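Both backbone and side-chain heavy atoms feed into the values below; hydrogens, waters and symmetry mates do not. Protein chains get the first letters and strands the later ones, always in sequence-line order, with residue 1 at the start of each. Keep in mind the model is a prediction, meaning the values are calculated, not measured.
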Protein chains: 2
Amino acid sequence: MTQALYSTTPSNAVSVDEWAGAARLTFRQGEEIYAQDEDADLIYRVVGGAVRTSHLLADGRRQIGDFYYEGDVLGVEMGPAHRFSAEALGPCEVLAIRRSGSTAYDTGRVDRMIWAATASELQRTQSHMLLLGRATACEKVARFLLDIADRFRGEIVALPMSRQDMADYLGLTIETISRMLGRLQAEGFVEFIGARKYRIRRRGGLTEMAAA
Amino acid sequence: MTQALYSTTPSNAVSVDEWAGAARLTFRQGEEIYAQDEDADLIYRVVGGAVRTSHLLADGRRQIGDFYYEGDVLGVEMGPAHRFSAEALGPCEVLAIRRSGSTAYDTGRVDRMIWAATASELQRTQSHMLLLGRATACEKVARFLLDIADRFRGEIVALPMSRQDMADYLGLTIETISRMLGRLQAEGFVEFIGARKYRIRRRGGLTEMAAA
DNA sequence: CGGGGCCTTGATGCTGTTCAAATAGAGTGG
DNA sequence: CCACTCTATTTGAACAGCATCAAGGCCCCG
């Protein structure tokens, strides 16, 4: 529902002026946009491709914070440093502006944008928390497929992230992800075209599985 | 660290004027302060006791969003309705003000407070997400004990919530909670005085277990 | 057409759950 | 203050779901 705010080809007419003087940056697959613990003086807006934010623990365990697509704003932090790092999921283009270095004229607008981004971030993080806390592997995967499909309007949905990314987002292993995808397909809820494209077959049933 | 902003006996001098005209409400153990899906036109500040927010799923599974203590603000929502309900953990007193019904004079201050509350909420939710996603039962419980202890300065820490509340906060069962508490005590990290009071014995070791 | 990463599939094991029962603790009335 | 009761917590044993370990297959791209 909330996700419907974003589409693959968003109308850039809304809230784009704040980004007028922004630097345009391009990244390749896997390249780091900002690092964990790095100073958070820039905020970013995805204009092409997709981005993941991730938090790495000392022993190598990784938690994906969220995935960001065209039109999404990321990198807004409360504290002075980024708690997550951000990497390009594929070839990717972003705009970057300074958080508090805007002109007097722009300050109000940028602040409003930061507020909106923070609010959206909180909502998404709360949903993610609910998913991680009390959902079975199958429910997690079902909800994930629905969420992605809701963002990318269209019959066929492309997954921009790897199985490992999905696993680290849902708190599972790649093997479990693979098995659950297989099961959902076997039961006729979704149909995969290769490993990275799928089509939803029975949305009702899938929603029921997701049960959140 | 962030938790240190709040203490059991906070200086009410800071940011208390926004609450000057607030209604003072009292609740008993288990009483509902606001309901899931209820209109979110009020925001609350705990002045005594403790509060939990929880989200209930259709099949009865429950996820605790967070625990709020003296000085904490809760009930701030982005959308029109509360996504979680709030209940008193014990005898409890809160202040309530209208989100956007303040006088022109107060509007700025209330807005700033809402912003601060949202920011703090996001940070805590992100931490909670990390805990739920990739931590073992033992790590979850260890971190929980440390977090609570950091809020309630003092040798002996009292747990205002039940084992079920802890379980629903950490995404575990009460049996697992009980076993992990037992293990941590057996290994000398903490010492329990009854079921609801404890003392940290080896903070270093506990922090190491928490590993986040 | 071949190489190499990504993904799937299978067998086995461990962590945390479930079910069941005992024990401790808090509140109540005598 | 004590006995009683009701609930919360602990403990034990069996089970299940997901992880781990180990191959094998697919697909993308040179």
Legend entry - Length of the line joining A/Met180:CE and C/dC7:P, which is rounded to integer Å: 17 Å
Inset, instruction - Rounded off to whole Å, could you give me the CZ-to-P distance for the A/Arg163 and D/dC26 pair? - result: 15 Å
Legend entry - Spacing between B/Gln29 atom CD and C/dA26 atom P, to the nearest angstrom: 13 Å
Inset, instruction - Round to a whole Å and report the spacing from CD of A/Glu175 to P of D/dT20. - result: 8 Å
Legend entry - A/Arg179 (side chain) and C/dG10 (base): donor-acceptor pair under 3.5 Å: yes
Legend entry - Between C/dG27 (P) and B/Arg28 (CZ): distance, integer Å: 14 Å
Legend entry - Rounded distance [0.5 Å steps], CZ in B/Arg28 versus OG1 in B/Thr26: 8.0 Å
Legend entry - Any A/Thr173 side-chain nitrogen or oxygen under 4.0 Å from OP1 or OP2 of D/dA19: yes
Legend entry - Ion pair check, B/Glu139 and A/Arg61, cut-off under 4.0 Å: yes
Legend entry - Ion pair A/Asp147/A/Arg151, N-O distance below 4.0 Å: no
Inset, instruction - Assign each of A/Gly171 and A/Ala195 to its nearest nucleotide of DNA chain D by heavy atoms, then name whichever residue's nucleotide is nearer the 5' end. - result: A/Gly171
Legend entry - Basic-acidic side-chain contact under 4.0 Å: A/Asp41, A/Arg99: no
Legend entry - Distance below 4.0 Å between A/Thr176 side-chain N/O and D/dA19 OP1 or OP2: yes
Legend entry - N/O donor-acceptor pair, side chain A/Gln164 with base C/dC7, under 3.5 angstrom: no
Inset, instruction - Between B/Gly182 and A/Leu172, just flag the one whose closest nucleotide in DNA chain D comes earlier from the 5' side. - result: B/Gly182
Legend entry - Closest-nucleotide ordering on DNA chain C, the 5'-leading residue of A/Arg134 and A/Phe192: A/Phe192
Legend entry - Given D/dC18, C/dT8, D/dA8, the nucleotide with the shortest approach to the side chain of B/Arg196: D/dA8
Inset, instruction - Report the distance from atom CE of B/Met161 to atom P of D/dT9, rounded to the nearest whole Å. - result: 11 Å
Inset, instruction - Check the distance between D/dT7's P and B/Asp165's CG and give it to me in whole angstrom. - result: 17 Å
Legend entry - Interatomic distance, A/Glu139 CD vs D/dG17 P [rounded to whole Å]: 12 Å
Inset, instruction - Identify whether the distance between the nearest side-chain nitrogen and carboxylate oxygen of A/Asp168 and B/Arg134 falls below 4.0 Å. - result: yes
